[in-house]
Trainee: 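Before I ask anything, here is the structure I am working with.
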Amino acid sequence: MTFCMICMIAIGLAMDAFAVAISNGVSAKPFGVKESVWQGLYFGGFQFLMPLIGWFLGSRVKDYIAALDHWIAFVLLAFIGGNMIRESFEKEETQQKRKLNTNVLFLQAIATSIDALAVGIGFAILDVEIVKAASAIGVISFGIAFLGGMLGKYLGNFLQTKAEFAGGLVLVGIGLKILVEHLFFAG
(Lines give C-alpha, C1' and ligand atoms only; values in the text may rest on other atoms or scores of the structure.)
Protein backbone atom coordinates (compact mmCIF):
# COMPACT_ATOMS: atom_id res chain seq x y z
CA MET A 1 0.00 0.00 0.00
CA THR A 2 1.45 3.35 -1.02
CA PHE A 3 1.95 6.28 1.33
CA CYS A 4 -0.54 8.25 -0.77
CA MET A 5 -3.21 5.59 -0.15
CA ILE A 6 -2.43 5.62 3.58
CA CYS A 7 -2.85 9.40 3.59
CA MET A 8 -6.19 9.07 1.78
CA ILE A 9 -7.31 6.51 4.37
CA ALA A 10 -6.13 8.87 7.12
CA ILE A 11 -8.16 11.71 5.64
CA GLY A 12 -11.21 9.46 5.35
CA LEU A 13 -10.83 8.29 8.95
CA ALA A 14 -10.35 11.85 10.17
CA MET A 15 -13.67 13.03 8.74
CA ASP A 16 -15.59 11.75 11.78
CA ALA A 17 -13.22 13.71 13.99
CA PHE A 18 -13.54 16.69 11.64
CA ALA A 19 -17.34 16.63 11.95
CA VAL A 20 -17.17 16.34 15.75
CA ALA A 21 -14.51 19.08 15.88
CA ILE A 22 -16.74 21.38 13.86
CA SER A 23 -19.60 20.61 16.22
CA ASN A 24 -17.36 21.42 19.19
CA GLY A 25 -16.33 24.69 17.54
CA VAL A 26 -19.99 25.57 17.07
CA SER A 27 -21.35 24.50 20.44
CA ALA A 28 -18.56 24.62 23.05
CA LYS A 29 -18.07 27.88 24.87
CA PRO A 30 -15.46 29.16 25.27
CA PHE A 31 -13.77 27.78 22.16
CA GLY A 32 -10.53 29.01 20.65
CA VAL A 33 -7.07 27.90 19.54
CA LYS A 34 -6.31 26.24 22.90
CA GLU A 35 -9.45 24.07 22.76
CA SER A 36 -8.81 23.26 19.11
CA VAL A 37 -5.26 22.10 19.90
CA TRP A 38 -6.51 19.93 22.77
CA GLN A 39 -9.16 18.26 20.65
CA GLY A 40 -6.57 17.74 17.90
CA LEU A 41 -4.27 16.03 20.41
CA TYR A 42 -7.06 13.77 21.67
CA PHE A 43 -8.39 12.86 18.22
CA GLY A 44 -4.94 12.50 16.64
CA GLY A 45 -3.65 10.47 19.58
CA PHE A 46 -6.50 8.00 19.48
CA GLN A 47 -6.38 7.81 15.69
CA PHE A 48 -2.70 6.86 16.13
CA LEU A 49 -3.28 4.27 18.87
CA MET A 50 -6.31 2.46 17.46
CA PRO A 51 -4.71 1.25 14.20
CA LEU A 52 -1.78 -0.06 16.27
CA ILE A 53 -4.14 -2.03 18.50
CA GLY A 54 -6.07 -3.28 15.46
CA TRP A 55 -2.85 -4.26 13.70
CA PHE A 56 -1.68 -6.31 16.68
CA LEU A 57 -5.07 -8.05 16.86
CA GLY A 58 -5.15 -8.61 13.09
CA SER A 59 -1.58 -9.90 12.91
CA ARG A 60 -2.54 -12.74 15.25
CA VAL A 61 -5.16 -14.08 12.83
CA LYS A 62 -3.89 -13.06 9.38
CA ASP A 63 -2.46 -16.47 8.49
CA TYR A 64 -5.89 -18.00 8.95
CA ILE A 65 -7.66 -15.54 6.69
CA ALA A 66 -5.03 -14.78 4.01
CA ALA A 67 -7.25 -16.10 1.19
CA LEU A 68 -9.99 -13.64 2.13
CA ASP A 69 -7.89 -10.62 3.08
CA HIS A 70 -9.03 -8.39 0.21
CA TRP A 71 -12.68 -9.16 0.96
CA ILE A 72 -12.19 -8.38 4.64
CA ALA A 73 -10.46 -5.08 3.87
CA PHE A 74 -13.22 -4.18 1.40
CA VAL A 75 -16.05 -5.09 3.81
CA LEU A 76 -14.46 -3.18 6.71
CA LEU A 77 -13.82 -0.04 4.67
CA ALA A 78 -17.18 -0.21 2.88
CA PHE A 79 -19.00 -0.70 6.19
CA ILE A 80 -17.16 2.17 7.88
CA GLY A 81 -17.56 4.45 4.85
CA GLY A 82 -21.20 3.48 4.38
CA ASN A 83 -21.96 4.31 8.00
CA MET A 84 -20.28 7.68 7.62
CA ILE A 85 -22.32 8.43 4.50
CA ARG A 86 -25.55 7.34 6.23
CA GLU A 87 -24.76 9.44 9.30
CA SER A 88 -24.14 12.47 7.11
CA PHE A 89 -27.83 12.41 6.12
CA GLU A 90 -29.18 12.08 9.65
CA LYS A 91 -30.53 15.29 11.12
CA GLU A 92 -28.45 16.92 13.81
CA GLU A 93 -30.10 17.53 17.14
CA THR A 94 -30.15 21.13 18.27
CA GLN A 95 -26.71 22.04 19.51
CA GLN A 96 -26.43 23.23 23.08
CA LYS A 97 -23.79 25.59 24.34
CA ARG A 98 -21.47 23.53 26.54
CA LYS A 99 -17.97 23.57 27.94
CA LEU A 100 -15.43 21.24 26.34
CA ASN A 101 -13.61 19.17 29.00
CA THR A 102 -11.28 16.17 29.12
CA ASN A 103 -14.09 13.68 29.75
CA VAL A 104 -15.99 14.88 26.68
CA LEU A 105 -12.84 14.88 24.51
CA PHE A 106 -11.87 11.40 25.72
CA LEU A 107 -15.27 9.93 24.82
CA GLN A 108 -15.36 11.75 21.49
CA ALA A 109 -11.84 10.56 20.65
CA ILE A 110 -12.76 6.93 21.36
CA ALA A 111 -16.00 7.18 19.39
CA THR A 112 -14.32 8.74 16.35
CA SER A 113 -11.39 6.30 16.34
CA ILE A 114 -13.23 2.95 16.46
CA ASP A 115 -13.08 2.93 12.66
CA ALA A 116 -9.29 3.22 12.87
CA LEU A 117 -9.21 0.02 14.94
CA ALA A 118 -10.91 -1.84 12.11
CA VAL A 119 -8.55 -0.27 9.58
CA GLY A 120 -5.61 -1.44 11.71
CA ILE A 121 -6.90 -5.01 11.44
CA GLY A 122 -7.06 -4.58 7.68
CA PHE A 123 -3.52 -3.17 7.66
CA ALA A 124 -2.26 -6.30 9.44
CA ILE A 125 -3.90 -8.50 6.83
CA LEU A 126 -2.37 -6.44 4.02
CA ASP A 127 1.10 -6.30 5.69
CA VAL A 128 1.15 -2.51 5.92
CA GLU A 129 4.05 -1.03 7.91
CA ILE A 130 1.96 -0.02 10.89
CA VAL A 131 4.12 2.55 12.68
CA LYS A 132 4.39 4.75 9.57
CA ALA A 133 0.71 4.27 8.75
CA ALA A 134 -0.49 4.96 12.31
CA SER A 135 1.80 8.00 12.55
CA ALA A 136 0.41 9.41 9.31
CA ILE A 137 -3.14 8.77 10.50
CA GLY A 138 -2.44 10.45 13.85
CA VAL A 139 -0.73 13.52 12.41
CA ILE A 140 -3.34 14.01 9.69
CA SER A 141 -6.16 13.52 12.21
CA PHE A 142 -4.60 16.09 14.54
CA GLY A 143 -4.41 18.66 11.74
CA ILE A 144 -7.90 17.97 10.47
CA ALA A 145 -9.43 18.05 13.97
CA PHE A 146 -7.65 21.31 14.75
CA LEU A 147 -8.82 22.83 11.48
CA GLY A 148 -12.36 21.50 12.04
CA GLY A 149 -12.58 23.16 15.43
CA MET A 150 -11.48 26.50 14.08
CA LEU A 151 -13.78 26.25 11.07
CA GLY A 152 -16.65 25.28 13.36
CA LYS A 153 -16.07 28.36 15.43
CA TYR A 154 -16.32 30.56 12.35
CA LEU A 155 -18.44 28.69 9.78
CA GLY A 156 -20.81 26.64 11.92
CA ASN A 157 -22.96 23.67 10.96
CA PHE A 158 -22.61 24.19 7.20
CA LEU A 159 -19.49 22.00 6.92
CA GLN A 160 -20.34 19.19 9.33
CA THR A 161 -22.44 16.82 7.19
CA LYS A 162 -20.46 17.45 4.01
CA ALA A 163 -17.20 16.37 5.69
CA GLU A 164 -18.66 13.11 6.95
CA PHE A 165 -20.15 12.28 3.54
CA ALA A 166 -16.84 12.95 1.74
CA GLY A 167 -14.88 10.86 4.24
CA GLY A 168 -17.28 7.95 3.77
CA LEU A 169 -16.91 8.10 0.01
CA VAL A 170 -13.11 8.05 0.29
CA LEU A 171 -13.14 4.95 2.51
CA VAL A 172 -15.61 3.06 0.31
CA GLY A 173 -13.56 3.97 -2.77
CA ILE A 174 -10.32 2.70 -1.24
CA GLY A 175 -12.01 -0.53 -0.15
CA LEU A 176 -13.31 -1.03 -3.68
CA LYS A 177 -9.84 -0.35 -5.10
CA ILE A 178 -8.27 -3.00 -2.82
CA LEU A 179 -10.93 -5.53 -3.81
CA VAL A 180 -10.59 -4.89 -7.55
CA GLU A 181 -6.78 -5.02 -7.40
CA HIS A 182 -6.77 -8.37 -5.60
CA LEU A 183 -9.50 -9.94 -7.70
CA PHE A 184 -8.37 -8.83 -11.14
CA PHE A 185 -4.75 -7.69 -11.00
CA ALA A 186 -3.07 -9.90 -8.38
CA GLY A 187 -0.37 -12.01 -9.92
Side-chain angles (χ1 to χ4, degrees), residues 1-22 24 36-66 68-85 87 102-150 163-164 166-179 181-182:
M1 183 173 292
T2 67
F3 185 72
C4 182
M5 282 183 63
I6 290 169
C7 288
M8 288 175 26
I9 289 171
I11 291 167
L13 288 172
M15 287 301 112
D16 273 351
F18 184 63
V20 171
I22 290 170
N24 287 342
S36 201
V37 167
W38 273 110
Q39 77 179 0
L41 289 171
Y42 271 86
F43 293 153
F46 273 85
Q47 292 279 17
F48 168 76
L49 288 174
M50 292 300 236
L52 288 173
I53 294 167
W55 187 88
F56 285 113
L57 294 172
S59 65
R60 304 288 180 248
V61 299
K62 73 178 183 180
D63 292 335
Y64 303 108
I65 55 177
L68 302 172
D69 61 357
H70 50 285
W71 282 103
I72 293 169
F74 168 71
V75 168
L76 286 172
L77 290 171
F79 178 74
I80 294 164
N83 276 339
M84 289 173 67
I85 292 168
E87 289 170 4
T102 56
N103 291 338
V104 169
L105 285 173
F106 181 78
L107 292 175
Q108 288 177 340
I110 289 173
T112 58
S113 65
I114 295 295
D115 299 349
L117 179 75
V119 168
I121 293 169
F123 281 172
I125 293 167
L126 297 173
D127 285 325
V128 172
E129 193 173 330
I130 191 59
V131 174
K132 286 182 182 178
S135 296
I137 291 169
V139 168
I140 288 170
S141 295
F142 169 84
I144 287 175
F146 174 82
L147 179 64
M150 297 312 294
E164 205 160 20
L169 283 179
V170 167
L171 292 180
V172 170
I174 290 170
L176 192 58
K177 179 186 181 302
I178 290 169
L179 181 64
E181 282 178 349
H182 278 77

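Numbering starts at 1 and runs along the sequence shown. The model shown is predicted, which means the values in this text are computed figures rather than measured ones.
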Trainee: Which atoms form the tightest heavy-atom contact between Val128 and Ala133, and what is the distance?
Mentor: CG1-CB, 3.8 Å

Trainee: With heavy-atom distances below 4.5 Å as the criterion, would you say the side chains of Val119 and Met50 are in contact?
Mentor: no

Trainee: Between atom CH2 of Trp55 and atom CD of Glu129, what is the distance when rounded to the nearest 0.5 Å?
Mentor: 9.5 Å

Trainee: Hey, what do you get for CD1 (Ile125) to CH2 (Trp71), rounding to the nearest 0.5 Å?
Mentor: 14.5 Å

Trainee: Distance-only, no hydrogens or angles: does the Ser113 side chain make a donor-acceptor pair with backbone N or O of Ala116 under 3.5 Å?
Mentor: no

Trainee: If we only count heavy atoms from C-beta on, is the Lys132 to Phe3 side-chain gap below 4.5 Å?
Mentor: no

Trainee: Give the minimum heavy-atom separation between Ala10 and Ser141, together with the two atoms involved.
Mentor: O-OG, 4.4 Å

Trainee: Once the angle between the rings of Phe146 and Phe142 is folded into 0 to 90°, is it parallel (under 30°), tilted (30 to 60°) or perpendicular (over 60°)?
Mentor: parallel

Trainee: Minimum heavy-atom separation for Pro51 and Ile137, please, with both atom names.
Mentor: CG-CD1, 4.0 Å

Trainee: Closest approach of Ala145 and Gly40, non-hydrogen atoms and distance?
Mentor: CB-CA, 3.9 Å

Trainee: Walk me through whether Leu41 and Val37 qualify under side-chain contact (heavy atoms from CB on, under 4.5 Å).
Mentor: CA-CA 6 Å; Leu41 289 171; Val37 167; 4.1 Å; yes

Trainee: Distance check, rounded to the nearest 0.5 Å: Met8 atom CE versus Thr2 atom OG1?
Mentor: 8.0 Å

Trainee: I want to check something: taking the side chain as every heavy atom from C-beta on, are Ile110 and Ile114 in contact at a cut-off of under 4.5 Å?
Mentor: yes

Trainee: Hey, mind stepping through Asn24 and Val20 against side-chain contact (heavy atoms from CB on, under 4.5 Å) and telling me if it holds?
Mentor: CA-CA 6 Å; Asn24 287 342; Val20 171; 4.0 Å; yes

Trainee: Considering non-hydrogen atoms only, spot the tightest contact between Leu117 and Leu57 and give its length.
Mentor: CD1-CD1, 4.5 Å

Trainee: If only atom types and distance count, is the side chain of Gln47 paired as donor or acceptor with the main-chain N or O of Thr112 below 3.5 Å?
Mentor: yes

Trainee: Provide the closest heavy-atom pair for Gln39 versus Gly149 in the form atom of the first, atom of the second, distance.
Mentor: NE2-CA, 3.2 Å

Trainee: Side chains of Phe18 and Phe43: closer than 4.5 Å at any heavy-atom pair?
Mentor: no

